[in-house]
> 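Dropping a structure here in structure tokens format, bear with me for questions.
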There are 2 protein chains.
Amino acid sequence: MDDKDRRSMPLFGIGIVMKLTELTARQIRYYEEHDLIHPERTSGNQRLFSFNDVDRLLEIKNYLDKGLNLAGIKLLLTGEPGEKEARKSNSEKQDLTDKELRKILRNEIAEAGRFGKASLRQGELSRFFVKH
Amino acid sequence: MDDKDRRSMPLFGIGIVMKLTELTARQIRYYEEHDLIHPERTSGNQRLFSFNDVDRLLEIKNYLDKGLNLAGIKLLLTGEPGEKEARKSNSEKQDLTDKELRKILRNEIAEAGRFGKASLRQGELSRFFVKH
DNA sequence: ATTTTTATGTAAGGTTTTCTAACATTTATT
DNA sequence: AATAAATGTTAGAAAACCTTACATAAAAAT
């Protein structure tokens with residue numbers, strides 16, 4: 001079992017994930033609905049989250065706190081836009097995402113300066129558990 | 001958050017623990033009933049297991065496979081006998097436990113020889129997840 | 001050779017957790 | 001003012017888990 005397997009192993013119920021991330025069930029499900037995470041399911045359709053999933057939720061939370069919207073976060077995390085944005089290709093909507101990205105950068109730089117390090121990977125749960 | 005906290009943090013539902021350890025719910029609850037593990041509970045009384053708990057369950061399973069009984073395992077893992085054995089203090093019952101312990105030792109040595117290393121800590125889940 | 005104990009299986013009935021779907025609310029954008 | 005994005009809330013159903021009780025096979029004690 002290598003590192004990749006360990007971090008992608010479905011382990012946590014949504015209740016524990018709520019505590020670990022301080023997100024509500026509604027939020028977590030909403031982010032899944034928008035393809036930002038893809039937790040496994042039990043045979044009975046209950047969500048089972050991996051370390052990777054939890055890490056990603058923490059990242060999402062970070063970005064939201066910085067004023068990003070889900071579309072921007074999705075672009076950042078997966079490199080892919082959602083359906084809506086895809087349809088509008090490179091019109092004004094695309095510009096908005098660019099604006100968001102610039103906003104991120106500004107924030108990132110500010111945060112990094114404040115703490116002396118890049119804040120991007122802050123709050124990575126697997127850092128505390130999974131051997132890298 | 002130090003290592004100790006990480007490993008004793010309540011994270012897993014019994015369903016996941018069943019898969020991780022290949023024990024039945026009945027077995028897991030029975031071992032708890034006999035004070036070999038002490039998982040946390042949610043506010044609604046559902047068991048929540050830590051890495052330590054899962055590790056211990058794997059150890060218990062190992063010893064059972066080697067022919068030990070729960071009393072012996074408990075003595076090994078906690079250094080304390082159960083209530084029944086305590087009452088019978090140092091009579092014949094105590095001798096039996098000693099015999100068990102000798103049996104363990106024999107088995108341990110045999111296993112260690114076979115694999116070149118001590119087999120005692122084999123199957124430690126937290127080794128794969130928790131940074132030591 | 002019985003009887004007893006140990007470890008586990010199984011079933012019932014109840015409680016907790018999670019699920020989806022729908023509608024409500026808030027804030028930011030147009 | 002109207003729309004969209006993100007989250008709250010509620011309801012009913014399904015899944016997971018809980019304890020308790022009884023059953024059973026194998027091992028140990030008598």
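Computed from a prediction, not measured in an experiment: that's the story for all the values here.
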> Over its full length, what angle do the end axes of the helix from C:dA1-D:dT30 to C:dT30-D:dA1 make, each axis taken from five pairs and the result rounded to 10 degrees?
20°
> Could you tell me whether the side chains of B:Ser126 and B:Asp55 share a donor-acceptor contact shorter than 3.5 Å?
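On atom types as modelled, these side chains qualify, holding a pair under 3.5 Å.
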> First locate atom CG of B:Leu58, then atom CZ of B:Arg127, and finally report the distance between them rounded to the nearest 0.5 Å.
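B:Leu58 atom CG to B:Arg127 atom CZ measures 12.5 Å (nearest 0.5 Å).
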> In whole angstroms, how far is the P atom of D:dA6 from the CD1 atom of A:Ile28?
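Value for this atom pair: 16 Å.
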> If you define the side chain from C-beta out and look only at heavy atoms, does anything of A:Ile16 sit under 4.5 Å from A:Phe49?
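They are not in side-chain contact.
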> With a 4.5 Å heavy-atom cut-off, do B:Ile28 and B:Glu33 have their side chains touching?
no
> Just the rounded figure in Å: distance from C1' of C:dA7 to CD of B:Glu32.
16 Å
> Round to the nearest Å and state the distance from B:Arg41 atom CZ to C:dT15 atom C1'.
13 Å
> Rounding to an integer number of Å, can you tell me how far B:Glu33 CD sits from D:dT20 P?
9 Å
> Taking A:Gln27 for the side chain and A:Thr24 for the main chain, is one N or O donor matched with an acceptor at less than 3.5 Å?
yes
> Would you mind reading off the distance between A:Leu23 atom CG and D:dG8 atom C1', rounded to a whole angstrom?
14 Å
> Run through A:Thr78, A:Leu125, A:Thr21 and flag the one making a side chain to side chain contact (heavy atoms under 4.5 Å, CB included) with A:Arg56.
A:Thr78
> Write down the distance between NE2 (B:His34) and C1' (C:dT6), rounded to a whole number of angstrom.
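After rounding, the reported distance stands at 8 Å.
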> Using the closest heavy atom to pick a nucleotide of DNA chain C for each, name whichever of B:Leu64 or A:Met18 lands nearer the 5' end.
B:Leu64
> Students often get this wrong, so: under 4.0 angstrom with heavy atoms, is A:Arg29 touching a base, only sugar-phosphate, or nothing?
base
> D:dA5 P sits how many Å from A:Tyr31 OH, rounded?
15 Å
> Compare every heavy atom of B:Phe128 with every heavy atom of A:Arg6, then report the nearest pair and how far apart it is.
CD-O, 2.5 Å
> Measuring from B:Leu70:CG to B:Ile60:CD1, what's the distance to the nearest 0.5 Å?
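The CD1 atom of B:Ile60 is 7.5 Å from CG of B:Leu70, to the nearest 0.5 Å.
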> I'd like a list of close polar pairs between nucleotides 24-28 of chain C and the protein, N/O only, cut-off under 3.5 Å.
none

> Specify the separation, in whole Å, of atom CG of B:Leu68 and atom P of D:dA27.
14 Å
> Could you tell me whether a side-chain N or O of A:Asp53 sits under 3.5 Å from a main-chain N or O of A:Ser50, the two making a donor and an acceptor?
yes
> Output yes when A:Glu32 and A:Arg26 qualify as a salt bridge under the 4.0 Å nitrogen-oxygen rule, no when they do not.
no
> Each nucleotide N or O in nucleotides 14-16 of chain D that has a protein N or O under 3.5 Å away: list the pair and distance.
| from | atom 1 | to | atom 2 | distance (Å) |
| --- | --- | --- | --- | --- |
| D:dA16 | OP1 | A:Thr42 | OG1 | 2.8 |

> For the residue pair A:Phe12 and B:Phe12, categorise the inter-ring angle as parallel (less than 30°), tilted (30 to 60°) or perpendicular (more than 60°).
parallel
> Nearest to the side chain of B:Tyr30, which nucleotide is it out of D:dG8, C:dT6, C:dT20?
C:dT6
> Is B:Pro39 close to B:Leu48 at the side-chain level, that is, under 4.5 Å between some pair of heavy atoms?
no
> Using a cut-off of strictly less than 4.0 Å, decide whether A:Arg47 has a side-chain nitrogen or oxygen near OP1 or OP2 of C:dC19.
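The answer is yes; a side-chain N or O of A:Arg47 sits under 4.0 Å from OP1 or OP2.
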